[in-house]
Structure formats: C-alpha cells, structure tokens
Amino acid sequence: MRGVVQIVIVLAIWGCGGSNAGDPVVKGAWVRLVPAAQKVTAAYMVIENAGAEDLVLRSAETGAAGVVEIHEMVHEGDVMKMRKIEELTVPAWGMVELKPGGLHLMLINLEKPLGEGDGLPLLLHFEGADKRKMAVRVRATVQSAVGQLSH
Amino acid sequence: MSRRWLLLLVCLLPWGCASEDGADSDVEFELKEYGTLGGDFALTDHAGRPFRLAQLRGRIALLFFGYTHCPDFCPMTLSKLTQVFDLLGAGREKVSTLFVSVDPERDGPEELKGHLEQFPVNGIGLTGSAARIDSIARRYGVTYAKRESDSAAGYFVDHSTYTFLIDQQGRIRYIFRHGDAPKLIAAGVARLLREEE
C-alpha cells in the first residue's frame, strides 16, 4: 500500500512538473550569429503563459556566456536607447515576445565563437504567485540574421 | 515626331529598366536638399586606412551611426540594408554602406571589420578620435550619448537611428528613419542611379 501511495505522489508531482497550465512555455528561441571577435549577442523568443497568474522572468543563465541580462530597446524621438531591466512580467493568459528592436536577452562575455545552427542551452528562472519558482530549459538556435526582416 | 513624345519616351525608358531590377517602387521617390547638413569628413576605415567621404565620389552611400557592442539594433539596420542591396540588383555595385562608430573607445578597425563582414552590403566601417566623431555627428544632425549602466556589458551608447542617402557628389539627398522599409530605401538609391543615366 505504501508503494502505491508513493507512486501516486510521484505521478502527481510529475504531472505538475510537465507543461501544465501555469508554467511558462518558450517557443522559437534563437540567438544572433555574431563574428568571433564579438563578445556579446542577443537571444530572442516567445514566452507564453497559459495560466491564471502572472509569471515573472527574474534571470537567465547559459554555459555559453558569462552573464545574461534582460534588455529593452526604446526608440524615442529617432534615438535608440538600450536599457537593462531587472525582470520581465509575462501576464496571465498572455505572452511576451522578445524580438529585434524590442526586448532581448543579452549574452555577455561569450565563452567561444558561435557557429550557425548551433544549439545554445539557456536556463530561464521564473517566479509565479506565492514565490513559486520555475526553471525552464531552452535550446536556442544560432542564426544569421542577414537579410532577415525584423519587424 | 514631336518633342513631347520624345520626352515621354525618355521618361519611360529608365522606369522600365528600374522595374527589371526589382526596385519598382521608385516612381514616386522624391530626393531632397538639406543645405549645409552633412559634408565631407575624414576617418579611419576597418582596414586601418585613412578614409574621406570625398573619395567615394561617383558612388552612392548609405550612411548610419552605430556601435558594435549593440547586439540588437545595429545588426538590424545591417540586415535591412542587406535586403536593400538584394532589391537593387546590378545597381548595388555602385553603392557603399558606411557605418560610423559612435563608440570609438571600443570600436577599432578590427571590431568594425568583424561586425560588417557578415553582411553583403559593400560595408565600410569607420572610426576615429572622439572629437572628430563628435564634430561629424554634429554636422549630420546626429545625437549620441554614452550612458553608464550597471550592465556587465559596460556602458551603452544612445544614438540617432537615421540612415543618410548620399549622392554621387557627397551630398545628403534623403534621410531615412528607423521604420522605413527596405523597398523605400532601394527606391531612393534607384532614383539616384537613374539620375546618372
């Protein structure tokens, strides 16, 4: 009987850990291909929230770069300004798009040169209601943005 | 054959050619005059050689200001110009892209070379002393400001997002803005190419 209870508990936890409503879902992640000499790049993706509570992206990390920061581009009176932001809210039942000219994750101090088509692992740390913590693993594809229409 | 018919024929000829090159939206494009804005300048190019705008005489240039530590907006502009070059077809051979760094402290010729070589836009990266870049930016009506931040990337540089269309005599003939589509920019260049004929 004890074994059965354990299995039930394990299954319940496993169910929650899957992509059930309430967890962030990351789609279409890509990283801009940059020349070997350049030590910074940007990562883009769509983060969906199919749950009833707001989710907050607090931080991100990758083995491929020393630091990952959340940045926002603001275009004011024909001047482009880049800003570091501390967190990013993905609204309940909503989504946030990180795309060129808007939001991006900036990867700083790249460990080694990127290759087109490489998969770059990212770990995103989210927080939900009641400080519920979620970590989402993402594989972002390195892509050359040459000739790509960004918006 | 009356003179009027001849005139019509002359007007239609280059239009027909431009259509074949794909930049067919140039019919309505109007070039502008900007008086004393812009002008010649001297900097160092991405190969470490001295560069003057005047040495491009006879070529068309698309000039913008940026910096290589900007991983988002600056490559976006270069991606857009790559599309412009695609639209230009054979005309692209007469066009150069000039990337003037607003971050001479971090952008030497090497950084500019690496940044530009991924984009097939006949790119020339330009840098120089802060004082010289200040003076060029002022003459082109461009603002930029170094802004300290607690980012691990160090400081940011806020900068104007204009792309200048420079004619075969080194004069500004149009100022494109951030939202302008590749098709419009290609139309402007095609218009200048047509004036040549």
Side-chain angles (χ1 to χ4, degrees), chain A residues 30-44 59-62 65-86 97-110 113-116 140 142-151, chain B residues 64-87 102 106-121 141-145 147 149-163 175-179 181-183:
Chain A
W30 66 281
V31 170
R32 190 187 290 282
L33 177 69
V34 290
Q38 197 167 317
K39 297 297 171 222
V40 292
T41 188
Y44 305 96
S59 64
E61 56 184 301
T62 173
V67 182
V68 181
E69 295 177 357
I70 311 168
H71 285 194
E72 183 182 28
M73 304 299 286
V74 183
H75 197 240
E76 275 174 9
D78 284 326
V79 174
M80 188 57 91
K81 301 177 178 183
M82 184 154 66
R83 288 180 189 154
K84 178 180 170 225
I85 55 177
E86 297 310 320
E97 193 176 359
L98 283 74
K99 61 176 182 179
L103 293 156
H104 62 266
L105 298 182
M106 187 164 175
L107 278 50
I108 302 163
N109 298 333
L110 289 170
L114 303 176
E116 181 144 28
V142 176
Q143 274 178 32
S144 151
V146 174
Q148 174 181 309
L149 193 53
S150 24
H151 62 131
Chain B
F64 73 102
F65 293 75
Y67 67 115
T68 69
H69 275 66
C70 154
D72 182 85
F73 174 74
C74 301
M76 231 166 94
T77 302
L78 284 163
S79 296
K80 186 150 104 180
L81 294 181
T82 300
Q83 293 187 318
V84 171
F85 273 66
D86 277 350
L87 290 169
V102 287
R106 290 185 295 199
D107 286 343
E110 270 305 298
E111 284 74 19
L112 293 169
K113 184 167 179 276
H115 193 71
L116 283 165
E117 66 191 3
Q118 332 176 56
F119 301 93
V121 293
V142 160
T143 60
Y144 72 98
R147 203 160 34 76
S149 81
D150 62 347
S151 166
Y155 59 88
F156 300 138
V157 187
D158 300 341
H159 61 90
S160 302
T161 53
Y162 306 118
T163 298
I175 302 175
F176 295 104
R177 299 179 65 186
H178 174 54
K183 214 170 168 182

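Being a predicted model, the structure only gives us computed values, none of them experimental. In what follows, chains carry the letters A, B, and so on, assigned in the order in which the sequence lines appear, proteins first and then strands, with residues in each chain numbered from 1.
Rounding to the nearest 0.5 angstrom, the gap separating the CE atom in B:Met76 from the CE atom in A:Met73 is 8.0 Å. For the atom pair CD of A:Gln38 and NE2 of B:His69, the computed distance is 7.5 Å after rounding to the nearest 0.5 Å. Going from atom NE2 of A:His104 over to atom CG of B:Asp72 covers 5.0 Å, rounded to the nearest 0.5 Å.
Heavy-atom distances place both the backbone and the side chain of B:Ser160 under 4.5 Å from chain A. Contacts between B:Phe156 and chain A at a heavy-atom distance below 4.5 Å involve the side chain alone, from C-beta outward. For chain B, no part of A:Leu107 is nearby; none of its heavy atoms comes within less than 4.5 Å. Looking at A:Met80, both its backbone and its side chain come within 4.5 Å of chain B, counting heavy atoms on both sides. Residue A:Glu86 touches chain B through its side chain alone, counting heavy-atom pairs closer than 4.5 Å.
Per-residue heavy-atom pair counts under 4.5 Å with chain B were compared for A:Gly101, A:Ala37, A:Gly102, and the maximum is reached by A:Gly101.
Of all heavy-atom pairs spanning B:Thr68 and A:Val40, the tightest one is O-CG2, 4.5 Å.
Contacts of A:Glu69 classified as side-chain contact (heavy atoms from CB on, under 4.5 Å), with partners at least two apart in sequence or in another chain: A:Val67, A:His71, A:Lys84, A:Ile108, B:Ser151, B:Ala152. Every residue meeting the side-chain contact (heavy atoms from CB on, under 4.5 Å) condition with A:Asp78, not counting sequence neighbours, appears here in chain and number order: A:His75, B:Thr161, B:Tyr162, B:Arg177.
Looking at heavy atoms from C-beta onward, B:Pro71 lies in side-chain contact with A:Met82 at the 4.5 angstrom threshold. At least one side-chain heavy atom of A:Arg32 sits under 4.5 Å from a side-chain heavy atom of B:Pro75.
For CD of B:Glu110, the number of neighbouring non-hydrogen atoms (other residues, nucleotides, ligands) closer than 6.0 Å is 12 at most.
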